[in-house]
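Taking it in order: structure first as structure tokens, then the write-up.
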Amino acid sequence: MVGEEGAFVLGWDEVLTEEELSMTLKVLCMSEEEFKEYKEQAGWEEDSEGEESSTLSNEALSRLQAPCKKLLYDSVLLTLQSYRSDLKAEQEVLDNREAFEKLSRREQQALHVRYGQKRILHRLLELLG
């Protein structure tokens, strides 16, 4: 269900790997009995057609069923915990011109990427909370 990298791609306005995330949430939120029934009825093919037309926009994510929202929320928290610093610390370095300029060009670019990733994840927490 999840691509080779085992990650989902989130943009500022929507999930870019929406099909994978939608199917993963659906399966992970099923009871064991529901999963067995779904698998036996070859539900995989049937659902893939109907879900292609739906977009997992930020608005749609905020309307997920409670178990799926909690699963996704907890996953985002775990992802944020994997970073060495938090969003506020990244913002402080970005706001401090002297500290920012002490970083190598590569470190500056990495800081911008991490900061952007964390902003997207924090926005997702707000939508799901």
Side-chain angles (χ1 to χ4, degrees):
M1 289 180 289
V2 181
E4 291 179 20
E5 295 180 21
F8 302 106
V9 181
L10 305 171
W12 188 252
D13 297 316
E14 65 186 24
V15 176
L16 303 177
T17 54
E18 63 186 273
E19 186 177 332
E20 292 92 345
L21 180 59
S22 179
M23 182 58 68
T24 300
L25 287 173
K26 182 176 185 173
V27 170
L28 290 176
C29 291
M30 287 180 180
S31 68
E32 185 176 347
E33 186 60 37
E34 289 171 324
F35 178 72
K36 285 179 183 177
E37 183 179 318
Y38 187 72
K39 190 175 171 184
E40 287 172 4
Q41 293 181 1
W44 309 110
E45 291 82 28
E46 294 171 14
D47 279 358
S48 62
E49 294 173 12
E51 290 181 12
E52 285 179 25
S53 61
S54 66
T55 300
L56 281 179
S57 64
N58 286 345
E59 184 181 328
L61 287 172
S62 67
R63 292 190 314 256
L64 287 172
Q65 294 178 347
C68 291
K69 280 175 86 167
K70 176 156 179 37
L71 179 63
L72 189 54
Y73 186 91
D74 290 346
S75 298
V76 170
L77 284 178
L78 284 172
T79 301
L80 284 169
Q81 290 172 3
S82 71
Y83 289 99
R84 292 183 186 171
S85 61
D86 62 12
L87 183 66
K88 185 177 179 181
E90 305 283 345
Q91 182 66 52
E92 289 173 0
V93 175
L94 287 168
D95 289 342
N96 184 335
R97 186 174 183 92
E98 185 178 316
F100 182 76
E101 289 178 354
K102 286 182 182 179
L103 300 173
S104 70
R105 182 75 176 136
R106 184 175 179 186
E107 289 171 325
Q108 290 174 353
Q109 291 171 339
L111 176 63
H112 280 290
V113 170
R114 282 192 316 271
Y115 180 73
Q117 291 170 340
K118 290 175 188 177
R119 285 190 59 216
I120 289 171
L121 292 170
H122 279 273
R123 180 177 170 135
L124 188 55
L125 287 178
E126 290 174 13
L127 291 167
L128 297 170

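The distance from the CD atom of Glu92 to the CG atom of Leu87 is 10.0 Å, given to the nearest 0.5 Å. In this structure, CZ in Arg114 is found 9.0 Å from OH in Tyr83, a value given to the nearest 0.5 Å. Atom CG of Leu124 sits about 6.0 Å away from atom CG of Leu61, to the nearest 0.5 Å. To the nearest 0.5 Å, atom NZ of residue Lys70 and atom CG of residue Leu128 are 11.5 Å apart. From Leu103, atom CG reaches atom CD of Gln109 across 11.5 Å, with rounding to the nearest 0.5 Å. In this structure, NE2 in His122 is found 12.0 Å from NZ in Lys88, a value given to the nearest 0.5 Å.
Side-chain atoms of Gln108 come within 3.5 Å of backbone N or O of Phe100 as a donor-acceptor pair. Without hydrogens or angle criteria, Ser22 side chain to Glu19 main chain gives no donor-acceptor distance under 3.5 Å. Remark: side-chain polar atoms of Ser85 are not paired, donor with acceptor, to backbone N or O of Glu90 under 3.5 angstrom. Without hydrogens or angle criteria, Lys69 side chain to Gly129 main chain gives no donor-acceptor distance under 3.5 Å.
Leu28 is connected to Leu77 through a chain of hydrophobic side-chain contacts under 4.5 Å among Ile, Leu, Val, Met, Phe, Trp and Tyr, so both are in one cluster. Placement of Leu16 and Ile120 in two distinct hydrophobic clusters is found when ILVMFWY residues are connected by side-chain heavy-atom separations under 4.5 Å, directly or transitively. A continuous path of hydrophobic side-chain contacts links Leu71 to Leu125 [ILVMFWY only; heavy atoms under 4.5 Å]. Placement of Leu10 and Tyr115 in two distinct hydrophobic clusters is found when ILVMFWY residues are connected by side-chain heavy-atom separations under 4.5 Å, directly or transitively. Placement of Leu121 and Leu111 in two distinct hydrophobic clusters is found when ILVMFWY residues are connected by side-chain heavy-atom separations under 4.5 Å, directly or transitively.
Considering only heavy atoms from C-beta on, Glu20 stays 4.5 Å or farther from Val15 through its side chain.
Nearest heavy atom pair, residue Cys29 against residue Cys68, reads SG-SG, 2.8 Å.
The closest side-chain donor-acceptor pair between Asp95 and Gln91 falls under 3.5 angstrom.
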- Determine, step by step, whether Glu101 and Arg97 satisfy the salt bridge (Lys or Arg N to Asp or Glu O under 4.0 Å) criterion, reporting the C-alpha distance in whole Å, the side-chain angles of both residues, the deciding distance to 0.1 Å, and the verdict. CA-CA 6 Å; Glu101 289 178 354; Arg97 186 174 183 92; 3.1 Å; yes
- Do Leu80 and Asp86 pass the side chain to side chain contact (heavy atoms under 4.5 Å, CB included) test, and can you show the C-alpha distance, the side-chain angles, and the key distance before you say yes or no? CA-CA 8 Å; Leu80 284 169; Asp86 62 12; over 6 Å; no
- Could you go through the side chain to side chain contact (heavy atoms under 4.5 Å, CB included) check for Leu25 and Phe8 one step at a time? CA-CA 11 Å; Leu25 287 173; Phe8 302 106; over 6 Å; no
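The environment of CD in Glu34 is crowded: more than 12 heavy-atom neighbours from other residues, nucleotides or ligands sit within 6.0 Å.
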